[in-house]
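To start, the structure under review is shown below, and the notes come after it.
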Amino acid sequence: MKALKMKMIVFLMVAAITTLGFAQDTALPNVKILATGGTIAGSASSATSGSYSAGQVGIKTMINAVPGIKEIADVSGEQIANVGSQDMSVDIWLKLANRINELLSSDKVDGIVITHGTDTQEETAYFLNLVVKSDKPVVTTGSMRSSTSISAEGPLNLYNAVAIAADPQSKGKGVMVSLNDQIHAARDVSKMNTTNVNSFQSPIKGMLGGVFYGRLGFFREPNTKFGNTSEFSVEGIKELPRVDILYAYADMSPDLIDMHVKAGAKGIVIAGVGNGNMTEATLNAAKKAYEDHGVIIVRSTRAATGWTLRDNEFKDDDYHTVVSGDLNPAKARVLLMLALTKEKSLAELQDVFYEY
Ligand code: GLU
């Protein structure tokens, strides 16, 4: 009788362990989708019209429009904003970053997907890359065609983004941007075309990986600081210092610098001609902006791709300028806003641009 009882206990224990193991193996990863609007949530009155309104469709409708999404992850959605991303703001960035950090600190969340307009997606993704404090996957996605368009690509982009966020191999890659079967590092990607579905490219470093109907692989690792290795954080931050971008061109007038300083800019990124150049008069105005007002001037480029290098046609130290390396003006602005939340010398600011 005693032996039978013992056998029963052992049997029940084995059954319990097996069931537990089985439950763990089949439980789907938990992916949270944070929606912010954009064309992926846009709708038009005609399926063949390029005109539409961004940010019309709610997150529940978007999830229900993706066949098979619930088979690859346990997905749930949250509406953070519903704007065309031309209206993306620092306030929404802070709300998004705080919510992501809160969600990822929980064992119940394995990854995050953010749906976002394509216009400023690279800026939001790069901002999050610098302030999200987790190794769990964070993926932004969007679409070039509205949800009601003929051949809308949003549902497949969302399906792929969820697959990336649900996959353990996506851990520790920083924030990723995925559209059109590609996976890009937030830092390296740019919107390169106004209308094409293949708009997102990483012109200098190339894509991080690829995804095909949810099957994915990575080709390289990101090579700058992000996430847990980043010194930047949104903790206690309610706003960011004003940083403006100034587009350079032939015969550029120096009083533009003064206008931005007067408007309260603490930093100015120059989308310079070529290797971050500007007219000599503007360069002198930039030097004065630093000497008289402590305004930090970062030289980036209006060229679609390439590095902005120190001491190319003049000594940067002579004009107190910092170069952006391979960061485009929009991303150089994001980094400078965060860098200005800390006390840093010009040399330290230059290092920030090399490291991040
Ligand atoms: N301006 C819209 C946005 O960025 C359209 C671009 C898009 O999402 O494709 O939200």
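From a predicted model like this one, the values you see are computed outputs, not experimental measurements.
Here the side chain of K331 pairs a donor or acceptor atom with the backbone of A186 at under 3.5 angstrom. Q182 places no side-chain N or O within donor-acceptor distance of the main-chain N or O of V211, the cut-off being under 3.5 Å. With N160 contributing its side chain and G214 its backbone, the two residues share a donor-acceptor pair below 3.5 Å. Between the side chain of K32 and the backbone N or O of L103, no donor-acceptor pair lies under 3.5 Å. Proximity of a side-chain donor or acceptor of K344 to a complementary backbone N or O of V352 within less than 3.5 Å is not detected. Between the side chain of R220 and the main chain of G206, a donor-acceptor pair closer than 3.5 Å is present. Side chain of K136 to main chain of L104: a donor-acceptor pair is present (N/O by atom type, distance under 3.5 Å, no hydrogens or angles). In this structure a side-chain-to-backbone donor-acceptor pair under 3.5 Å is present from R145 to S151. The main-chain N or O of M144 is found under 3.5 Å from a side-chain atom of E153 such that the two form a donor-acceptor pair. Of the possible donor and acceptor atoms, none in the side chain of D167 sits under 3.5 Å from a partner among the backbone N and O of V162.
Salt-bridge formation is detected for the pair D326/R187: a Lys NZ or Arg NE/NH1/NH2 atom is positioned less than 4.0 Å from an Asp or Glu carboxylate oxygen. Ion pairing of R333 with D244 is absent here, as no side-chain N (NZ or NE/NH1/NH2) approaches a carboxylate O to less than 4.0 Å. Between E102 and R99 there is a salt bridge, since at least one side-chain N of the basic residue sits less than 4.0 Å from a carboxylate O of the acidic one.
Within the model, atoms CD of E355 and CG of L335 stand 10.0 Å from one another, a figure rounded to the nearest 0.5 Å. In this structure, T321 OG1 and L283 CG are separated by 6.5 Å, a value rounded to the nearest 0.5 Å. Remark: E313 CD to E280 CD distance equals 11.5 Å, nearest 0.5 Å. The distance from atom OG of S178 to atom CG of N157, rounded to the nearest 0.5 Å, is 6.5 Å. Annotation: the span from I40 atom CD1 to S143 atom OG amounts to 5.0 Å, rounded to 0.5 Å. K262 contributes atom NZ, which lies 12.0 Å from atom NE2 of H260 (distance to the nearest 0.5 angstrom).
The two residues A289 and I297 make their nearest non-hydrogen contact at CB-CD1, 4.4 Å. Considering every non-hydrogen atom in both S230 and K133, the closest pair reads O-NZ, 2.8 Å. Residues P203 and A304 approach most closely at CG-O, 4.4 Å, considering heavy atoms. Considering all non-hydrogen atoms of both residues, I59 and G77 come closest at CG1-CA, 3.8 Å. Shortest non-hydrogen contact noted between D258 and A285 is OD1-CB, 4.4 Å. Residue P29 comes nearest to A166 through the heavy atom pair CG-O, 3.5 Å, listed as atom of the first residue, atom of the second, then distance.
Neither side chain, D110 nor N30, offers a donor N or O lying under 3.5 Å from an acceptor on the other. With no hydrogens or angles considered, no side-chain donor-acceptor pair links E235 and N98 at under 3.5 Å. Side chain to side chain, S253 and D255 meet the donor-acceptor criterion of an N or O pair below 3.5 Å. Side-chain contact annotation: S149 with S146, donor-acceptor N/O pair under 3.5 Å absent. With hydrogens and angles left out, the side-chain atoms of N193 and Q201 include no donor and acceptor closer than 3.5 Å.
Within a 6.0 Å sphere centred on OH of Y354, heavy atoms belonging to other residues, nucleotides or ligands number more than 12. No more than 12 heavy atoms of other residues, nucleotides or ligands lie within 6.0 Å of NZ in K60, so this atom counts as exposed by the packing criterion. The environment of K205 atom NZ is dense: over 12 non-hydrogen atoms of other residues, nucleotides or ligands sit within 6.0 angstrom. In the displayed structure, F314 atom CZ is contacted under 6.0 Å by more than 12 heavy atoms of other residues, nucleotides or ligands. Applying the 6.0 Å contact sphere to NZ of K266 captures no more than 12 heavy atoms from other residues, nucleotides or ligands.
Looking only at side-chain heavy atoms (C-beta outward), I270 and Y247 stay at 4.5 Å or farther from each other. Here the side chains of L208 and M176 are in contact, with some heavy-atom distance below 4.5 Å. Considering only heavy atoms from C-beta on, V177 stays 4.5 Å or farther from Y126 through its side chain. Looking only at side-chain heavy atoms (C-beta outward), L216 and I183 come within less than 4.5 Å of each other. Contact of the Q86 side chain with the T120 side chain is not registered, since no non-hydrogen atoms from C-beta on lie closer than 4.5 Å. Residues V323 and F353 form no side-chain contact, since every pair of their non-hydrogen atoms from C-beta on lies 4.5 Å or further apart. Using a 4.5 Å heavy-atom cutoff, the side chains of T301 and W307 are not in contact. Counting heavy atoms from C-beta outward, L158 and V113 have side chains that approach closer than 4.5 Å.
The same ILVMFWY cluster, assembled from side-chain heavy atoms under 4.5 Å apart, contains both I296 and L327. Both V243 and V334 are assigned to one and the same hydrophobic cluster, defined by single-linkage of ILVMFWY side chains at heavy-atom distances under 4.5 Å. One hydrophobic cluster, built from ILVMFWY side chains closer than 4.5 Å, cannot hold both L346 and L309; they sit in different ones. Y290 and M278 fall into different hydrophobic clusters, defined by Ile, Leu, Val, Met, Phe, Trp and Tyr side-chain heavy atoms under 4.5 Å apart, directly or through other members. With hydrophobic clusters built from ILVMFWY side chains whose heavy atoms lie under 4.5 angstrom apart, M207 does not share a cluster with V197.
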Using the rule given for side chain to side chain contact (heavy atoms under 4.5 Å, CB included), can you reason through H116 versus T141, listing the C-alpha separation, both sets of side-chain angles and the distance that settles it, and then say yes or no?
CA-CA 6 Å; H116 197 292; T141 190; over 6 Å; no
Determine whether E78 and I33 satisfy the following criterion, side chain to side chain contact (heavy atoms under 4.5 Å, CB included), listing intermediate values before the conclusion.
CA-CA 6 Å; E78 230 176 86; I33 304 176; over 6 Å; no
Step by step, work out the ring pair (Phe, Tyr, Trp, His ring centres under 6.0 Å) result for Y356 and F232.
CA-CA 10 Å; Y356 290 89; F232 303 113; 5.0 Å; yes
Could you please spell out the steps behind the salt bridge (Lys or Arg N to Asp or Glu O under 4.0 Å) verdict for D317 and R310?
CA-CA 9 Å; D317 279 346; R310 276 190 84 77; 2.9 Å; yes
So L28 and I72, side chain to side chain contact (heavy atoms under 4.5 Å, CB included) or not? Walk me through it.
CA-CA 7 Å; L28 288 172; I72 54 171; 5.8 Å; no
Applying side chain to side chain contact (heavy atoms under 4.5 Å, CB included), run through K342 and L349 and close with a yes or a no.
CA-CA 10 Å; K342 311 232 165 206; L349 283 170; over 6 Å; no
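Here the options are T308, D316, N275, the test is side-chain hydrogen bond (donor to acceptor under 3.5 Å, both in side chains), and the partner is R299; only D316 passes. Remark: of the listed residues L96, T36, T140, L96 is the sole one forming a side-chain contact (heavy atoms from CB on, under 4.5 Å) with T124.
Here K191 pairs with D119 under the salt bridge (Lys or Arg N to Asp or Glu O under 4.0 Å) rule; sequence neighbours left out.
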